[in-house]
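In what follows, chains are A, B, ... by sequence order, proteins preceding strands, each numbered from 1.
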Number of protein chains: 2
Amino acid sequence: MATERLQQAIDSLKSTKVRMTPQRHAILEYLYESMTHPTADEIYKALEGKFPNMSVATVYNNLRVFKEVGIVKELTYGDASSRFDCVTTDHYHMICNSCGKIVDFDYPGLDEVESLAEHVTGFQVESHRMEIYGKCPDCSTTAKH
Amino acid sequence: MATERLQQAIDSLKSTKVRMTPQRHAILEYLYESMTHPTADEIYKALEGKFPNMSVATVYNNLRVFKEVGIVKELTYGDASSRFDCVTTDHYHMICNSCGKIVDFDYPGLDEVESLAEHVTGFQVESHRMEIYGKCPDCSTTAKH
DNA sequence: ACTTAATTTATAAAGGTTATTAAGAAAGAA
DNA sequence: TTCTTTCTTAATAACCTTTATAAATTAAGT
């Protein structure tokens, strides 16, 4: 349940020196309720009604704080805006090349790839990132017409 | 051999309406000789000596042209600059979290992940991207001291 | 050599993100 | 409650990468 996880996030903030502000609460709430992976600007626009005076910098600052505390992950893409994900457990993303929709999906760790990479390159593996691109059901249907 | 592949790239440009200019040749040459994955700015700075009047826009324009023709691939990262790869065959990248070094490595296609993702999400898979992060040999050695 | 269309250069502009700083507010102490 | 301290916000400017624009230049075919 979103509310439960939101509460956990708030609790884990309390254990640090991070203060709870109305803006912070609203940003977190939005992240946990919208199951999308919003950009900073989308969050900013979504909260315009509640906080007409909120600055974009506030959104960015707080997202950075949330990242540092570990309750939010940043998904970075080329020239486009970053997106923010409040699901911090390991999972991958399926991204629609047409509409940009992002869907989560789970897959057991790619340990084999990691250990091969380790042997071949001599690197000490720390993490990996994988995304799959394609057309979402909506976009592949409309394309057929 | 780098020279051979460079010549192939030049030839494949000739088959289009793309003209060969000294700047273009130099950018391609740099891409094929440096085995790194340079940013546009690195290329720009590297060629400053030969082309004191070259504009950054020229580098970007040409990299876009090369991408369109298919002889160069762009590797995009969050806020940081894109890097450009003249190896267009499928392969993955191992990236050092400390110094940013990028090393190529091959791995058979992740068909299984793709087809699972297809079933679970209903997407029509078109491609995927994977990167592995860690510490390169140099950086993990110095860390031990 | 001539012509035409592609290319370069220089510059401005766009878009996302960060830095700065003064004003404001949260959390704990008195 | 009130005070105090430190964190946070808001507004704005600045930064950085990349793209757009427009005039001058040049490659390539005739």
Side-chain angles (χ1 to χ4, degrees), chain A residues 9-30 37-69 71-84 100, chain B residues 10-30 37-69 71-85 100:
Chain A
I10 292 171
D11 290 346
S12 77
L13 277 181
K14 279 197 182 132
S15 65
T16 68
K17 68 171 73 172
V18 174
R19 294 181 182 167
M20 186 49 53
T21 66
Q23 294 90 335
R24 248 170 215 168
H25 193 279
I27 294 172
L28 273 182
E29 203 173 28
Y30 183 78
H37 302 74
T39 63
D41 198 59
E42 281 167 6
I43 298 173
Y44 174 64
K45 289 207 166 64
L47 301 180
E48 235 172 11
K50 260 190 205 163
F51 298 90
N53 295 323
M54 185 166 64
S55 163
V56 218
T58 299
V59 178
Y60 280 102
N61 285 340
N62 287 326
L63 288 170
R64 173 153 28 89
V65 170
F66 298 159
K67 267 199 304 178
E68 284 165 7
V69 177
I71 58 180
V72 159
K73 274 189 178 172
E74 183 176 2
L75 315 173
T76 63
Y77 304 101
D79 33 353
S81 299
S82 287
R83 298 187 162 275
F84 295 87
Chain B
I10 293 172
D11 289 345
S12 77
L13 278 180
K14 280 197 181 133
S15 65
T16 68
K17 68 170 73 170
V18 174
R19 294 179 183 169
M20 188 48 54
T21 65
Q23 293 89 335
R24 242 169 220 169
H25 192 280
I27 294 172
L28 273 182
E29 204 172 26
Y30 183 78
H37 302 74
T39 63
D41 199 59
E42 282 168 6
I43 298 173
Y44 174 64
K45 290 207 166 62
L47 300 180
E48 234 172 13
K50 260 192 206 164
F51 299 89
N53 295 323
M54 185 165 65
S55 164
V56 217
T58 300
V59 178
Y60 280 102
N61 285 339
N62 286 326
L63 289 170
R64 173 153 28 89
V65 170
F66 297 159
K67 267 198 305 180
E68 285 165 5
V69 178
I71 58 179
V72 160
K73 274 189 178 172
E74 183 175 3
L75 314 174
T76 64
Y77 304 99
D79 33 353
S81 299
S82 289
R83 298 188 162 274
F84 296 87
D85 191 346

A:D41 atom CG is separated from C:dG15 atom P, nearest whole Å, by 11 Å

Here the distance between atom C1' of C:dT8 and atom CD of B:E48, to the nearest Å, is 17 Å

When rounded to whole Å, the CD1 to P distance for the pair B:I43 and C:dT8 reads 14 Å

*asked:* Does a side-chain N or O of B:N53 approach OP1 or OP2 of D:dT25 to a distance below 4.0 Å, or not?
replied: no

On DNA chain C, more 5' by nearest nucleotide between B:T58 and A:Y60 is B:T58

B:Y44 OH to C:dA10 C1', in whole Å, measures 10 Å

Side-chain polar contacts of residues 51-65 of chain A - donor-acceptor pairs under 3.5 angstrom, sequence neighbours left out - could you list them?
unit_1, atom_1, unit_2, atom_2, d
A:S55, OG, A:A57, N, 3.1
A:N61, OD1, A:R64, NH2, 3.1
A:N61, ND2, A:A57, O, 3.3
A:N62, OD1, A:R24, NE, 2.7
A:N62, OD1, A:R24, NH2, 3.2
A:N62, ND2, A:T58, O, 3.1

- Which is true for A:N62 with a 4.0 Å heavy-atom rule: it touches a base, it touches only sugar-phosphate, or it touches nothing? sugar-phosphate

Go through the steps to decide whether A:D41 and A:S81 satisfy the test side chain to side chain contact (heavy atoms under 4.5 Å, CB included), and finish with yes or no.
-> CA-CA 8 Å; A:D41 198 59; A:S81 299; 5.7 Å; no

Show your reasoning for whether side chain to side chain contact (heavy atoms under 4.5 Å, CB included) applies to B:K14 and B:M20.
CA-CA 8 Å; B:K14 280 197 181 133; B:M20 188 48 54; 5.6 Å; no

- Item | Under-4.0 Å side-chain N/O to phosphate OP1/OP2 contact, A:S55 with D:dT9 | no

Atom CZ of B:F51 and atom C1' of C:dT9 are separated, to the nearest Å, by 14 Å

In this structure, NZ of B:K50 is separated from CD1 of B:I27 (nearest 0.5 Å) by 11.0 Å

Atom NZ of A:K67 and atom C1' of C:dT18 are separated, to the nearest Å, by 12 Å

Rounded to 10°, the helix from C:dA1-D:dT30 to C:dA30-D:dT1 deviates from straight, judged by its five-pair end axes, by 30°

Between the OG1 atom in A:T39 and the CG atom in A:L75, the distance rounded to the nearest 0.5 Å is 11.5 Å

Whole-Å distance, A:F66 CZ to D:dT8 C1', equals 12 Å

Rounded to the nearest 0.5 Å, the NE2 atom of B:H37 sits from the NZ atom of B:K73 at a distance of 11.0 Å

For nucleotides 20-30 of chain C, 5' to 3', base contacts (B), sugar-phosphate-only contacts (S) and non-contacts (-) with protein non-hydrogen atoms under 4.0 Å give -----BBS---

ask   = So, do B:L13 and B:F66 sit near enough that their side-chain heavy atoms are less than 4.5 Å apart?
value = yes

B:E42 atom CD is separated from D:dC16 atom P, nearest whole Å, by 16 Å

Exercise for review: Would you indicate, yes or no, if C:dG16 has its OP1 or OP2 atom less than 4.0 angstrom from a side-chain nitrogen or oxygen of A:S82?
Suggested key: no

Heavy-atom nearest nucleotide on DNA chain C taken for B:K17 and for B:P52; more 5' hit belongs to B:K17

Heavy-atom closest pair (A:F84 atom, A:E74 atom, distance to 0.1 Å) is CE2-CG, 3.7 Å

Of the candidates C:dT8, D:dT9, C:dG16, the side chain of A:Q23 sits closest to D:dT9

